There are 2 protein chains.
Amino acid sequence: MPDIKHFDPDAALEAVVRLFWRQGAASTGIQDVVTATGLNRSSLYATFGGKQELYRAALRRYVEQRSEPAFRRLAEDERGLPAIADFFTGLIDARCSGEYARWGCMVSNAHAGAENSDPGVRAVLDRHHEQLREAMNAALVTADAREGLAPGCDPGTWADLLALLAYGVNLRSRAGADARDLSRTVTATLASLGSPAAP
Amino acid sequence: MPDIKHFDPDAALEAVVRLFWRQGAASTGIQDVVTATGLNRSSLYATFGGKQELYRAALRRYVEQRSEPAFRRLAEDERGLPAIADFFTGLIDARCSGEYARWGCMVSNAHAGAENSDPGVRAVLDRHHEQLREAMNAALVTADAREGLAPGCDPGTWADLLALLAYGVNLRSRAGADARDLSRTVTATLASLGSPAAP
DNA sequence: CTCAACTCGGAACGATCGTTCCAAGATAAT
DNA sequence: ATTATCTTGGAACGATCGTTCCGAGTTGAG
């Protein structure tokens, strides 16, 4: 039997996620990864392969651990519009304060960088977008059934809008946008979605 | 009197804009710039300074030549809502087809990259955002005066939303989003803005 | 205890990074 | 024509890039 790994690959990958998330792939060197994880190059390459593979793995981990849980919470929430409001509140909080303040969203960042020319990365981006759209749609359908949306509101179309709005929040938050400004915009948008007859 | 430049700095900077726009600052080497412009390193450094200065100059040129004319057209258009619709149509066209298809917006890209840690870059991003917001607001005020917006529509707040929506369009278009999908979302959004009594 | 199987530390690879430097060439005022 | 001033080509700088390789160390089954 061979020797066994002297480190936790999962913990190491999490450190790599934070590195790529904050700085992007192009601005992050292997030396940065070595320093941040404490691993040496041999273990890195043996476990994860080269830099591109490592970035893909980190991006997948980000989506699985950070995006998808939020999407699930949104889609499965039975409250409708308040669920969407909570989703955006949590998003803005995470983007503007705490440990990851001003890091933006790793997926949004990947959209804008040279990373997206990798087909594997592109697939993750597309899937992420579809999941976000679908979660928004589910919440809107719930909202429509529960309390009724404003007349002429198609859930599918509004799901598209809210998804794009989330990308906008992610982008602007990275450049230091004020959390209250973002919240005000989101709140007003959601208000125009609700039934005019609602309380 | 000294010798005079053997090249056109403006044309060179335009080539640099396209380079940084498409690939981002981190993925673009000085050698790429040398190759694309046809200049040699000496002329480059003597004219523009180092890479960071060059990137800032390119970003400023992009905003001046690509963004601000569109903002002015939007703000000065007397038609109101159709002006906003045209703005987005032009945006989506430019992002999804033609010479710059799938390049996204250089300003949006700068938001998501490591470029934005440079205070000079950050200032351009903030100014760009303020100009976009202000142009949207002007068009919305015009629209409100002309034909009336839907009840409860505050131009300032909707200007914020539409600005964030534009960033979303820029991001997703870089990852290959379908132009018609984007158009449908924008059209539906603008429709919910118009007065319900309008034709 | 042996040994095959694997990990780890670290040196080293060629390539490319951004930048600097200098000699040669070009220009226009004197 | 001379000269001061700037531009240009191109070599060269040290640093860092991503990646590979090998010897030494560690493990557990036989």
Side-chain angles (χ1 to χ4, degrees), chain A residues 1-59 109-110 113-121, chain B residues 1-59 109-110 113-121:
Chain A
M1 264 286 186
D3 194 358
I4 234 159
K5 282 194 201 311
H6 300 181
F7 65 96
D8 178 6
D10 222 53
L13 189 54
E14 173 61 25
V16 176
V17 165
R18 296 176 193 215
L19 219 49
F20 281 137
W21 181 3
R22 187 159 35 112
Q23 321 188 33
S27 308
T28 304
I30 292 292
Q31 182 57 50
D32 296 332
V33 176
V34 168
T35 303
T37 58
L39 309 180
N40 56 19
R41 293 168 144 72
S42 301
S43 308
L44 248 176
Y45 277 83
T47 307
F48 300 106
K51 183 182 178 181
Q52 201 60 31
E53 275 190 78
L54 182 57
Y55 178 80
R56 279 195 296 265
L59 184 64
N109 297 348
E115 295 91 338
N116 90 68
S117 57
D118 181 317
V121 169
Chain B
M1 265 282 183
D3 193 359
I4 235 159
K5 282 195 201 309
H6 300 183
F7 65 97
D8 177 8
D10 221 53
L13 189 53
E14 174 61 24
V16 176
V17 165
R18 295 174 194 217
L19 219 51
F20 281 137
W21 181 4
R22 188 158 35 109
Q23 321 188 30
S27 307
T28 303
I30 292 291
Q31 183 56 50
D32 296 332
V33 176
V34 168
T35 303
T37 58
L39 309 180
N40 55 20
R41 296 168 142 71
S42 301
S43 307
L44 248 176
Y45 278 84
T47 308
F48 300 107
K51 183 183 178 181
Q52 200 59 32
E53 273 190 79
L54 182 56
Y55 178 81
R56 278 195 296 264
L59 185 64
N109 298 348
E115 296 92 339
N116 90 69
S117 56
D118 181 317
V121 170

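Numbers restart at 1 for each chain; the letters A, B, ... are given by sequence-line order, proteins then strands. Remember, predicted model here, so these are calculated numbers, not experimental data.
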Here the ring-ring contact (aromatic ring centres under 6.0 Å, His included) pairs for residues 25-49 of chain A, sequence neighbours left out, are none
Residue set satisfying side-chain contact (heavy atoms from CB on, under 4.5 Å) with E53(A), at least two apart, ordered chain then number -> R56(A)
Taken to the nearest whole Å, NZ/K5(A) to C1'/dT26(D) is 14 Å
Per the under-4.0 Å heavy-atom filter, residues of residues 27-35 of chain A near DNA chain D come out as T28(A), G29(A), I30(A), Q31(A)
For A114(B), the side-chain contact (heavy atoms from CB on, under 4.5 Å) test, sequence neighbours excluded, returns S27(A)
| Any donor-acceptor pair under 3.5 Å joining the side chain of R41(A) to the base of dT20(D)? | no
Sorted by chain and number, sequence neighbours left out, side-chain contact (heavy atoms from CB on, under 4.5 Å) with D32(A) holds for L19(A), Q23(A), T28(A)
Those residues at least two apart in sequence (or on a different chain) that pass side chain to side chain donor-acceptor pair (under 3.5 Å) with S43(A) are N40(A)
For residues 14-25 of chain B, the salt bridge (Lys or Arg N to Asp or Glu O under 4.0 Å) pairs (sequence neighbours left out) are E14(B)-R18(B), E14(B)-R61(B), E14(B)-R66(B), R18(B)-E99(B)
Sequence neighbours excluded, the answer for side-chain contact (heavy atoms from CB on, under 4.5 Å) partners of T47(A) is K5(A), F7(A), P9(A)
Atom CG of D8(A) and atom P of dC8(C) are separated, to the nearest Å, by 12 Å
Residues 14-38 of chain B vs ring-ring contact (aromatic ring centres under 6.0 Å, His included), sequence neighbours excluded, gives F20(B)-Y55(B), W21(B)-Y62(B), W21(B)-Y100(B), W21(B)-W103(B)
Sequence neighbours excluded, the answer for side chain to side chain donor-acceptor pair (under 3.5 Å) partners of T35(B) is Q31(B)
Per the under-4.0 Å heavy-atom filter, residues of residues 44-52 of chain B near DNA chain C come out as Y45(B), G50(B), K51(B)
Checklist entry - Less than 4.5 Å apart, any side-chain heavy atom of L13(A) and any of L54(A)? => result yes
Its contact letters, B for base, S for sugar-phosphate only and - for none at protein heavy atoms under 4.0 Å, make nucleotides 22-30 of chain C read ---BBBBS-
In whole angstroms, the gap separating C1' of dT19(C) from CG of L54(B) amounts to 13 Å
